[in-house]
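Report on the following structure.
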Amino acid sequence: MAPIPLAVTTSTKVDAAQIREARAVASRWGLPFLPRRSKEGIAPWLGVKADALLVVGGDGVTLWDAEGSFAFHAGMAHLRRMRLREGEPDVFVRVAELKPGDTVLDCTLGLAQDALVASLAVGPTGRVVGLEKSLALGVVAGEGLRRYELGPDSGPIEVRHADAREYLKTLPSGAFDVVFFDPMFAKPKKAQPAFEVLRRFAEHAPLTPETLAEGRRVARRWVVVKGAKYSDDLKKLGLAEEPGSRFTDVVWGRLGPVAVP
């Protein structure tokens with residue numbers, strides 16, 4: 001019998017509350033729940049019962065496969081939010097010209113780093129929708145955001161498991177103020193082992209001109225694309241680099257909306 005591609009279970013410290021929470025996570029995302037005995041290891045399960053497991057514990061949801069684990073962490077987004085609250089500029093906010101009340105569609109949610117910054121920039125009257133094609137990463141980000149205290153100065157972040165290319169086609173023209181793409185870099189930098197788990201589950205397909213055109217149809221103000229300084233990804237899409245720091249490996253480009261007759 002083939003293993004389940006992805007399932008939910010509990011951590012080693014099993015109690016009734018944790019079982020209820022794990023079952024709720026499984027229900028929210030349409031995944032099977034595998035009960036676990038106290039102190040039972042999951043290593044023998046991987047590749048046998050399931051290819052990957054989402055382990056629900058007191059510290060949130062951790063994604064495990066046979067080669068490692070990965071959990072949600074606000075990371076640099078938390079620092080960027082702190083700086084933004086102190087009046088310091090943020091390049092994403094500047095390039096997208098984000099302001100209170102805006103709506104943002106993040107087509108490549110990933111770790112939700114830019115979505116977290118956008119939620120503060122658009123404020124409680126704004127809205128951020130994050131799309132993640134990988135169900136495993138969508139659960140990690142979505143459940144992590146459920147536990148992250150955004151604060152009253154931030155707008156909600158709605159996480160949806162969806163392929164941006166198909167999802168954009170379902171939207172009316174001008175549905176969002178800003179549409180954002182952050183494709184996975186083709187040439188990975190050296191990273192921590194946990195990030196390698198993320199890369200194994202992430203969507204690696206490049207942003208195509210057709211998807212970019214759909215983004216321009218849906219955006220009222222800007223389509224913003226993040227790229228890598230060491231690549232020609234933006235140039236291939238006809239995007240010029242926006243002015244930024246020379247001390248970063250990240251570059252930004254943007255395009256305005258297309259007029260729809």
Side-chain angles (χ1 to χ4, degrees), residues 72 74-85 88-134 137-138 140-142 144-146 148-184 202-203 207 211-227 234 237 239 242 244 250-258 260:
F72 174 84
M76 283 300 298
H78 186 72
L79 296 177
R80 288 168 64 191
R81 285 167 58 88
M82 289 175 60
R83 292 168 182 161
L84 202 57
R85 285 186 173 112
E88 295 184 31
D90 183 271
V91 64
F92 178 37
V93 175
R94 174 178 61 79
V95 172
E97 298 179 3
L98 294 179
K99 59 184 184 296
D102 277 350
T103 55
V104 178
L105 179 65
D106 184 343
C107 292
T108 46
L109 182 67
L111 301 178
Q113 298 290 288
D114 291 297
L116 279 165
V117 173
S119 77
L120 178 59
V122 304
T125 60
R127 174 172 168 249
V128 179
V129 175
L131 309 179
E132 179 49 60
K133 185 176 180 180
S134 166
L137 298 185
V140 172
L145 289 169
R146 284 175 66 90
Y148 183 83
E149 183 57 54
L150 286 171
D153 57 357
S154 299
I157 303 175
E158 304 167 25
V159 179
R160 300 183 184 177
H161 173 226
D163 181 343
R165 286 167 289 189
E166 299 305 318
Y167 188 85
L168 284 164
K169 296 175 184 177
T170 70
L171 297 174
S173 299
F176 286 83
D177 292 298
V178 172
V179 175
F180 173 59
F181 295 96
D182 178 14
M184 179 66 73
E203 166 68 14
L207 175 60
T211 302
L212 185 63
E214 279 297 308
R216 295 184 71 190
R217 181 186 63 80
V218 170
R220 286 192 290 267
R221 184 185 309 130
W222 294 113
V223 173
V224 176
V225 181
K226 185 192 287 188
L234 295 186
L237 293 166
L239 290 159
E242 291 294 311
V250 174
V251 292
W252 301 77
R254 69 181 185 181
L255 284 172
V258 290
V260 179

Least distance between heavy atoms, P156 atom then G126 atom: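 Between these two residues, the closest heavy atoms are CD-O, 3.4 Å.
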Minimum heavy-atom distance between L234 and G253, given as atom pair plus value: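 In this case the closest contact between L234 and G253 is CD1-N, 3.9 Å.
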Member of L131, V159, D182, L137 meeting the side-chain contact (heavy atoms from CB on, under 4.5 Å) criterion with L109: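 Going through the options one by one, the only one that passes is V159.
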Nearest-0.5 Å distance, OG1 of residue T108 to CG of residue L207: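 So the OG1 of T108 and the CG of L207 are separated by 8.5 Å.
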Judged by atom type as modelled, is there a donor-acceptor pair below 3.5 Å linking the side chain of [X] to the main-chain atoms of [Y]?
X: R217; Y: L171; result: yes
X: R254; Y: V95; result: yes
X: T103; Y: D177; result: yes
X: R81; Y: S119; result: no
X: R94; Y: P89; result: no
X: R83; Y: D90; result: no
X: R220; Y: G174; result: yes
X: H161; Y: K133; result: yes

All pairs passing salt bridge (Lys or Arg N to Asp or Glu O under 4.0 Å) where residues 120-129 contributes a residue, at least two apart: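 Matches after skipping sequence neighbours: R127-E158.
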Presence of salt bridge, D114 and R80, under 4.0 angstrom: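 Salt bridge between R80 and D114, a charged N being under 4.0 Å from a carboxylate O: yes.
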Mutual orientation of the aromatic rings belonging to W252 and F180 [parallel < 30°, tilted 30-60°, perpendicular > 60°]: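 Parallel: the ring planes of W252 and F180 meet at under 30°.
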Ring pair (Phe, Tyr, Trp, His ring centres under 6.0 Å) partners of F72, counting only residues at least two apart: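 By the ring pair (Phe, Tyr, Trp, His ring centres under 6.0 Å) rule, F72 matches no residue at all.
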Verdict with supporting geometry, D102 and V128, side chain to side chain contact (heavy atoms under 4.5 Å, CB included): CA-CA 8 Å; D102 277 350; V128 179; over 6 Å; no
Any F92 side-chain heavy atom under 4.5 Å of K226 side chain: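 A side-chain contact is absent here, since even the closest heavy-atom pair is not under 4.5 Å.
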Side-chain heavy-atom pair L105, Y167 within 4.5 angstrom cut-off: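 Result yes, sub-4.5 Å side-chain heavy-atom pair found.
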Residues, nucleotides or ligands: over 12 heavy atoms within 6.0 Å of E88 CD: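 Enclosed: over 12 neighbouring heavy atoms sit under 6.0 Å from CD of E88.
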